[in-house]
Amino acid sequence: MTLQQLEYFLAAVEHGTFSRAAEARHLAQPSLSEQVRRLEAELGVPLFERVGRRLVLTEAGRVLRPHAERVLAEAEAARSSVAEVRELRGGTASFGTWGSARYYFGVDLVAAFRRRHPDVRVRLVGQNSSEVVEAIHAGRLEAGAVALPIDDRGLEVRPVLRDELLYMSTDAERLRGEMTIERLAGAPLIFSDATWGADDPTRRQIAELAQRAGVRVEPQIDVEDPEAAVELAWRGLGDAIAGRGLLHALARRLPPALGWVPFAEPLYDTFAFVWRRGAHLTPGTRAFVALAEERIQALGRALERRPPRHRAPAP
């Protein structure tokens with residue numbers, strides 16, 4: 001039994017006659033029908049019977065059909081897996097990220113990927129997790145790194161990092177003790193991801209907590225970039241919320257006047273890799289995901305050591 005015989009058998013099933021099956025595969029009809037006869041001889045049973053001019057499966061043919069389909073699918077998967085090694089000499093790694101991902105992965109991620117795979121193009125897009133998820137659902141992106149929660153219908157979700165959110169201010173009075181959702185509702189807040197607003201995963205977490213507490217949390221200043229929110233906070237224009245990963249990246253630039261405390265009920269941004277369920281990622285994108293996972297796991301280990309969960313602003 002050969003893969004070719006199984007392929008010709010399924011072609012005859014699909015087209016209903018040997019002649020049509022041979023024509024569809026640009027073969028001579030005797031070549032195709034001879035291979036099917038050899039398959040029948042090996043199995044010891046007829047696979048077709050003629051009804052008028054059409055071929056109809058016998059009971060043995062009906063039993064064989066799903067096995068043949070599965071064998072050919074596995075053979076194609078095996079061929080593809082080998083070809084993927086070769087394809088890393090070309091193609092595109094297509095990946096989406098949330099807005100502040102550069103502080104977690106760093107531009108070094110792209111540089112490192114290009115050093116490993118200099119012939120693979122990189123397409124790195126995204127301003128917010130909601131945008132990335134929409135693009136993956138629509139097929140415009142293969143995969144991405146997002147902050148949870150998201151609409152995960154039809155998606156594979158693999159969490160990779162939990163990043164604690166901290167409350168930042170230059171006002172020492174507002175940093176007395178851990179921040180509560182009730183106190184947060186009365187604070188002068190600066191939020192990032194202005195375009196996505198309530199769809200932003202961090203804002204969704206805060207809104208859910210506020211709803212359970214019977215309070216409303218709204219920013220006085222809305223900006224797009226998380227770094228801009230932190231900078232406005234250290235200038236004393238309001239208070240901001242940011243992950244430890246962002247503070248880690250900005251550590252050398254944060255002035256002593258800016259302090260932070262955790263939340264009494266801890267809040268976390270959970271970051272995850274996502275792609276369409278059952279999708280076969282192209283080799284370039286899969287390699288990019290693997291390298292991004294290496295980088296974010298290294299960051300997770302660094303965050304176990306710094307920055308501190310509390311810092312009082314300098315007088």
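Rounded to the nearest 0.5 angstrom, Phe48 CZ and Leu55 CG are separated by 5.5 Å. The distance from atom OG1 of Thr97 to atom CG of Leu124, rounded to the nearest 0.5 Å, is 5.0 Å. The distance from the CG atom of Leu148 to the CD atom of Gln205 is 9.0 Å, given to the nearest 0.5 Å. The CD1 atom of Ile181 sits 5.0 Å away from atom CG of Leu209, with the distance rounded to the nearest 0.5 Å. Atom CG of Leu6 sits about 5.5 Å away from atom CG of Leu72, to the nearest 0.5 Å.
Listed by chain and residue number, nothing satisfies the salt bridge (Lys or Arg N to Asp or Glu O under 4.0 Å) test with Arg183 (two or more places apart in sequence, or in another chain). Arg252 pairs by the salt bridge (Lys or Arg N to Asp or Glu O under 4.0 Å) definition with nothing, not counting sequence neighbours. Evaluation of the ring-ring contact (aromatic ring centres under 6.0 Å, His included) rule for Phe95 yields Phe288 as partners, not counting sequence neighbours.
Across every non-hydrogen atom of Pro46 and Thr58, the tightest pair is O-OG1, 2.8 Å. Contact record, Val120 with Arg114: O-NH1, 2.7 Å, taken as the closest heavy-atom pair. For the pair Arg158 and Glu293, the tightest heavy-atom approach, listed with the atom from each and the gap, is NH2-OE1, 2.7 Å. Taking each heavy atom of Arg65 and Leu57 in turn, the nearest pair found is CD-CD1, 4.2 Å. What you find for Asp199 and Ser130 is that their closest heavy atoms are O-OG, 2.8 Å.
Salt bridge annotation for Glu7-Arg25: present, with a cationic side-chain nitrogen under 4.0 angstrom from a carboxylate oxygen. Under 4.0 Å is where a charged nitrogen must lie from a carboxylate oxygen, and between Arg277 and Asp152 no such pair does. Comment: Arg203 does not engage Asp193 in a salt bridge, judged by the lack of any side-chain N to carboxylate O separation of less than 4.0 angstrom. Between Arg216 and Glu218 there is a salt bridge, since at least one side-chain N of the basic residue sits less than 4.0 Å from a carboxylate O of the acidic one. Salt bridge absent: Asp171 and Arg176 never bring a charged side-chain N and a carboxylate O closer than 4.0 Å. Salt bridge Glu304/Arg244: absent, no basic N to carboxylate O contact under 4.0 Å.
A donor-acceptor pair is defined here as one N or O able to donate and one able to accept, closer than 3.5 Å; no such pair exists between the side chain of Asp269 and the backbone of Phe271.
With a 4.5 Å cut-off on side-chain heavy atoms, Leu258 and Ser169 do not count as touching. Counting heavy atoms from C-beta on, the side chains of Asp239 and Pro188 come closer than 4.5 Å.
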Glu34 vs Arg37, test: salt bridge (Lys or Arg N to Asp or Glu O under 4.0 Å). Steps then yes/no. CA-CA 5 Å; Glu34 174 60 20; Arg37 279 194 290 271; 3.5 Å; yes
Going through the checks in order, is the salt bridge (Lys or Arg N to Asp or Glu O under 4.0 Å) test met by Asp108 and Arg115? CA-CA 10 Å; Asp108 287 344; Arg115 283 194 296 271; over 6 Å; no
Worked verdict on Arg123 versus Glu142 for salt bridge (Lys or Arg N to Asp or Glu O under 4.0 Å): CA-CA 11 Å; Arg123 180 171 175 258; Glu142 284 192 83; over 6 Å; no
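Using a 4.5 Å cut-off between side-chain heavy atoms of Ile, Leu, Val, Met, Phe, Trp and Tyr, with links allowed through other members, Leu109 and Ile296 fall into the same hydrophobic cluster. Trp196 and Val274 fall into different hydrophobic clusters, defined by Ile, Leu, Val, Met, Phe, Trp and Tyr side-chain heavy atoms under 4.5 Å apart, directly or through other members. Connection of Val125 to Trp275 is not established within any shared hydrophobic cluster, with ILVMFWY side chains joined at heavy-atom distances below 4.5 Å, either directly or through further cluster members. Tyr103 and Leu267 fall into different hydrophobic clusters, where Ile, Leu, Val, Met, Phe, Trp and Tyr residues are linked whenever their side-chain heavy atoms come under 4.5 Å apart, directly or through other members. The hydrophobic clustering, which links ILVMFWY residues whose side-chain heavy atoms are closer than 4.5 Å, places Phe273 and Ile150 apart.
Between Trp98 and Phe105, the distance separating the two ring centers is shorter than 6.0 angstrom. For an aromatic pair to be called close, the ring centres must be under 6.0 Å apart, and Phe18 with Tyr8 fails this.
The environment of Arg235 atom CZ is sparse: at most 12 non-hydrogen atoms of other residues, nucleotides or ligands sit within 6.0 angstrom. Other residues, nucleotides and ligands contribute more than 12 heavy atoms inside 6.0 Å of the CZ atom of Arg204. Applying the 6.0 Å contact sphere to CD of Gln211 captures no more than 12 heavy atoms from other residues, nucleotides or ligands.
For the 3.5 Å distance criterion, the side chains of Thr17 and Ser19 qualify, holding a donor opposite an acceptor.
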